[in-house]
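These notes concern the structure reproduced below.
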Amino acid sequence: MDTLTRIRAFIDVVEAEGFSAAARRTGRSKALLSKYVRELEDELGALLLNRTTRQFSMTEAGHTYYRTASDILKEIDNLADLVRENNAQLKGRLRISVPRTFVDADVGQSLIDFAKENPDLSLEIAADDRFVDLIEESFDVAIRITKLEDSGMIARKISDFRIHICATPEFLERYPNLEHPTDLSNVPFIVDTNARTQASIRFHNPDNTSFAVAVSGPIEVNSPHATLRAALAGIGIAFIPDFIARKPIESGELVTLFNDYIPTDRGIYAVYPHRRYLPAKVRIFVDYLHNWFKKHP
């Protein structure tokens, strides 16, 4: 039995968090996977996994081996995909990290449309608003709505993005003296705690200098959708992504404020680890999203 087969068995067991789960996922027997891992340990002269009837864990050597071996296997698989790309449909599994805000909004349809057009590719979509580590958590690609910062990752912008400050016309009638963003400190504000700065909003002056305004109000919630509902109820002013607020703004249910002061340095990005051979499934997925947003601006 070749070493690559043993390595694959080890990685399958680690990622499934157990022999039984790995057997179900791969279609191989638990006994066969155990045999492969034991042979790999014999070959290395080191214990990689601690096994008991109820617990499963990696040894220190196992952690070290897993990190490097999984990268090597991914490069091998990516190279194979590159060669097969023009002769076969996409197959395998694509692990995607997506903000819950994105997947729950209308733009989340882009993922469903991609899955529909690539039925042989299995998508594992993890909707989570936390900032995941793609390499440590074995994600192929992440969608991030952010101001792009240097992270050691490769990023491609798939769409423009902006935030709207908005409220109902009825609410604004009660606060007619909102003439500058700094006035927001004196009115009820619905705070979206998903934002990194949370209770402070950054604005840009026309001369490109920036300033921050502290805000507070009756509701703090980690959901842009709940923030939207609170704004529509007339509870306060809200800071809402354009792909969530667009329809009520177009209908006149919400009115935007201080558009000239809103930073325009954010976007929706596809981010993925730097690899020598970019997996075909990642490249095609990112290309698809880029074209999807062109059709659905």
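Here the closest heavy-atom approach between residue Val141 and residue Ala270 is recorded as CG2-CB, 4.3 Å. The heavy-atom pair separating Arg174 from Gly234 by the smallest distance is NH2-O, 3.5 Å. In this structure, Val286 and Arg156 approach most closely via the heavy-atom pair CG1-CD, 3.6 Å. Annotation for Phe285 and Leu111: closest pair CZ-CD2, 3.7 Å, computed over non-hydrogen atoms. Of all heavy-atom pairs spanning Ile143 and Pro99, the tightest one is O-CD, 2.9 Å. A pairwise comparison of heavy atoms in Leu134 and Pro273 identifies CD2-CD, 3.7 Å as the closest pair.
In this pair, Phe114 and Tyr288 present their aromatic rings perpendicular. The plane angle is above 60°, beyond the 30 to 60° band.
Taking OG from Ser159 and CZ from Phe293, the interatomic distance works out to 5.0 Å, rounded to the nearest 0.5 Å.
The environment of Gln109 atom CD is dense: over 12 non-hydrogen atoms of other residues, nucleotides or ligands sit within 6.0 angstrom. More than 12 non-hydrogen atoms from other residues, nucleotides or ligands lie less than 6.0 angstrom from NZ of Lys157.
The shortest side-chain heavy-atom distance between Phe258 and Leu184 falls under the 4.5 Å cut-off. You'll find the side chain of Leu73 reaches within 4.5 Å of the side chain of Arg8, heavy atoms only. Between Val107 and Ile268, every side-chain heavy-atom pair lies at or beyond the 4.5 Å cut-off. For the pair Leu178 and Ile237, the minimum side-chain heavy-atom distance is below 4.5 Å. Under the 4.5 Å side-chain criterion, counting only non-hydrogen atoms from C-beta, Val191 is not in contact with Phe239. Counting only heavy atoms from C-beta outward, the side chains of Tyr65 and Glu60 never approach each other to under 4.5 Å. When side chains are defined from C-beta on, Tyr272 does not count as touching Phe139, because their heavy atoms never get closer than 4.5 Å. Looking at Phe189 and Ile201, their side chains come closer than 4.5 Å, going by heavy atoms from C-beta outward.
In this structure a side-chain-to-backbone donor-acceptor pair under 3.5 Å is missing from Thr168 to Leu254. Not a single donor-acceptor pair under 3.5 Å links the side chain of Asn205 to the backbone N or O of Asp207. A side-chain donor-acceptor contact under 3.5 Å links Ser185 to the backbone of Ala214. Thr227 places no side-chain N or O within donor-acceptor distance of the main-chain N or O of Asp192, the cut-off being under 3.5 Å.
In this view, His180 and Thr182 satisfy the side-chain hydrogen bond (donor to acceptor under 3.5 Å, both in side chains) rule, not counting sequence neighbours. Residues passing the side chain to side chain contact (heavy atoms under 4.5 Å, CB included) test with Glu253 are Leu232, Pro248, Ser251, sequence neighbours excluded. For Arg93, the side chain to side chain contact (heavy atoms under 4.5 Å, CB included) test picks out Glu15, Arg25, Arg95, Ser122, Glu124, with sequence neighbours left out.
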Might you work through the side-chain hydrogen bond (donor to acceptor under 3.5 Å, both in side chains) test for Asp12 and Thr26, ending with a clear yes or no?
CA-CA 8 Å; Asp12 286 338; Thr26 64; 5.0 Å; no
Between Arg266 and Asp160, does the salt bridge (charged side-chain N to carboxylate O under 4.0 Å, His left out) criterion hold? Intermediate values first, please.
CA-CA 7 Å; Arg266 285 167 173 77; Asp160 291 326; over 6 Å; no
Set out, in order, the CA-CA distance, both residues' side-chain angles and the distance that settles side-chain hydrogen bond (donor to acceptor under 3.5 Å, both in side chains) for Thr256 and Asn259, then state yes or no.
CA-CA 7 Å; Thr256 61; Asn259 291 329; 3.0 Å; yes
Could you please spell out the steps behind the side-chain hydrogen bond (donor to acceptor under 3.5 Å, both in side chains) verdict for Tyr66 and Ser138?
CA-CA 11 Å; Tyr66 170 75; Ser138 298; 3.3 Å; yes
Give the C-alpha distance, both sets of side-chain angles, the deciding distance and a yes or no for side chain to side chain contact (heavy atoms under 4.5 Å, CB included) between Arg67 and Asp71.
CA-CA 7 Å; Arg67 284 194 296 269; Asp71 283 342; 5.6 Å; no
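Side-chain N/O atoms of Thr193 and Asn222 include no donor and acceptor closer than 3.5 Å. In this structure, a donor-acceptor pair under 3.5 Å is present between the side chains of Asp2 and Thr5.
Under the 4.5 Å side-chain heavy-atom criterion for Ile, Leu, Val, Met, Phe, Trp and Tyr, Ile240 and Leu172 are members of the same hydrophobic cluster.
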